[in-house]
Amino acid sequence: MALWKDQFGREQSGPEPAAKAPEKVSVLSAVPEAPARPAATQHRADASTKESIISAGLTIEGKIEGSGHVRIAGDFKGDVNVQGNLTIEAGAHLTGGVKADTVIVGGQLDGNIDAASRVELLQTGVLNGELKAGSLVVAAGSRMRGKAEFGWDEKPKH
C-alpha cells in the first residue's frame with residue numbers, strides 16, 4: 001500500500017490511484033482570465049449607440065448637441081442637433097429645429113427638420129414645419145402642416 005495526499009493535503013492510504021487523478025486536479029485549478037478583456041472592449045464600442053432620454057412628465061428648455069441617440073417622451077423647447085437618431089414618443093412635444101440622422105415622430109414637433117437621411121411620421125405623429133430628408137415614411141393617421149422635400153440627393157443618380 002502506498003501513501004499519498006488527496007486534493008486537500010490530507011494523507012490517505014489505500015490502493016494507488018490512477019496516474020490521471022492528480023492531472024485532473026491541476027487542470028481544473030487553472031482558470032484563464034483572457035475572455036474578460038474582449039467583453040470590456042466590446043462594451044466601449046457600444047458606447048456610441050447609447051440613448052439619452054427626456055422622460056414623460058419633464059419639461060426642459062435648452063439645446064441638445066452631440067453624438068448619440070436622443071429619445072423625448074416629455075416636453076422639450078429648443079434645438080436638437082445630433083449625430084444619431086431622434087425619437088419623439090407619442091404624447092411628447094418638441095418645439096424647435098431638428099438636425100439628426102434619423103427622426104421618428106410619434107408625438108408633436110413644432111419646428112423644421114433639416115438634413116435628415118430618414119424621417120418617419122408614425123400614426124400618432126404631428127409635424128408643424130418644413131422637412132428636408134433623404135427619405136420619408138408616412139403612416140396613415142399622421143398629420144403634417146408645412147413644406148416637404150425628400151428623395152433629392154446631392155449626387156445625381158445617373
Side-chain angles (χ1 to χ4, degrees), residues 6-9 23-158:
D6 68 357
Q7 61 187 6
F8 302 107
E23 291 176 19
K24 288 181 183 177
V25 172
S26 65
V27 171
L28 293 175
S29 65
V31 178
E33 294 183 25
R37 292 183 186 235
T41 306
Q42 184 180 8
H43 178 66
R44 287 186 202 120
D46 293 339
S48 65
T49 60
K50 294 213 176 191
E51 185 174 64
S52 299
I53 299 174
I54 297 174
S55 61
L58 287 177
T59 300
I60 297 178
E61 278 188 53
K63 189 175 193 178
I64 299 174
E65 288 186 335
S67 61
H69 306 308
V70 176
R71 181 175 299 269
I72 298 174
D75 294 330
F76 181 76
K77 295 178 183 176
D79 294 337
V80 177
N81 184 0
V82 293
Q83 295 173 349
N85 301 337
L86 170 66
T87 303
I88 303 168
E89 294 284 332
H93 187 205
L94 180 126
T95 304
V98 171
K99 288 185 180 180
D101 296 336
T102 300
V103 180
I104 300 171
V105 181
Q108 183 171 340
L109 171 59
D110 295 323
N112 299 334
I113 299 174
D114 189 29
S117 63
R118 178 180 171 95
V119 173
E120 292 183 36
L121 289 175
L122 303 179
Q123 184 178 7
T124 56
V126 177
L127 173 61
N128 293 311
E130 295 185 0
L131 168 116
K132 291 182 183 177
S135 68
L136 175 63
V137 178
V138 180
S142 63
R143 297 180 291 163
M144 179 181 169
R145 181 176 287 143
K147 178 182 169 185
E149 293 181 30
F150 59 92
W152 297 95
D153 293 337
E154 297 296 323
K155 301 174 187 173
K157 295 182 178 180
H158 294 282

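The structure displayed is predicted, hence computed values, not measured ones.
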Search all heavy atoms of [X] against all heavy atoms of [Y] and return the closest pair with its distance.
X: Ile113; Y: Ala116; result: CG2-CB, 4.0 Å
X: Gly106; Y: Thr124; result: O-OG1, 2.6 Å
X: Ala100; Y: Leu86; result: CB-CB, 4.1 Å
X: Ala148; Y: Met144; result: CB-CE, 3.6 Å

Suppose we screen for side-chain hydrogen bond (donor to acceptor under 3.5 Å, both in side chains). Which residues come up paired with Glu149, at least two apart in sequence or across chains?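 By the side-chain hydrogen bond (donor to acceptor under 3.5 Å, both in side chains) rule, Glu149 matches Lys147.
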Could you list the residues that satisfy side-chain hydrogen bond (donor to acceptor under 3.5 Å, both in side chains) with Gln123, not counting sequence neighbours? none
Between [Y] and [X], is there a side-chain heavy-atom distance shorter than 4.5 Å?
X: Val70; Y: Asn85; result: no
X: Ile54; Y: Arg71; result: no
X: Leu122; Y: Val105; result: no
X: Ile64; Y: Val82; result: yes
X: Leu121; Y: Val137; result: no

With [X] via side-chain contact (heavy atoms from CB on, under 4.5 Å) - residues at least two apart:
X: Arg143; result: Val126
X: Lys77; result: Glu61, Thr95
X: Asn112; result: Glu130
X: Ser135; result: Arg118

In Å and rounded to the nearest 0.5 Å, what is the [atom1] to [atom2] distance from [X] to [Y]?
X: Ile53; Y: Thr87; atom1: CD1; atom2: OG1; value: 9.5 Å
X: Asn128; Y: Asp110; atom1: CG; atom2: CG; value: 4.5 Å
X: Glu89; Y: Ile72; atom1: CD; atom2: CD1; value: 10.0 Å
X: Asn81; Y: Asp114; atom1: CG; atom2: CG; value: 9.5 Å

Donor-acceptor contact below 3.5 Å, side chain Asp101 vs main chain Gly84: yes
Is a side-chain donor or acceptor of His93 paired with a backbone partner of Asp75 at a separation under 3.5 angstrom? no
Could you go through the side-chain contact (heavy atoms from CB on, under 4.5 Å) check for Val98 and Asp79 one step at a time? CA-CA 6 Å; Val98 171; Asp79 294 337; over 6 Å; no
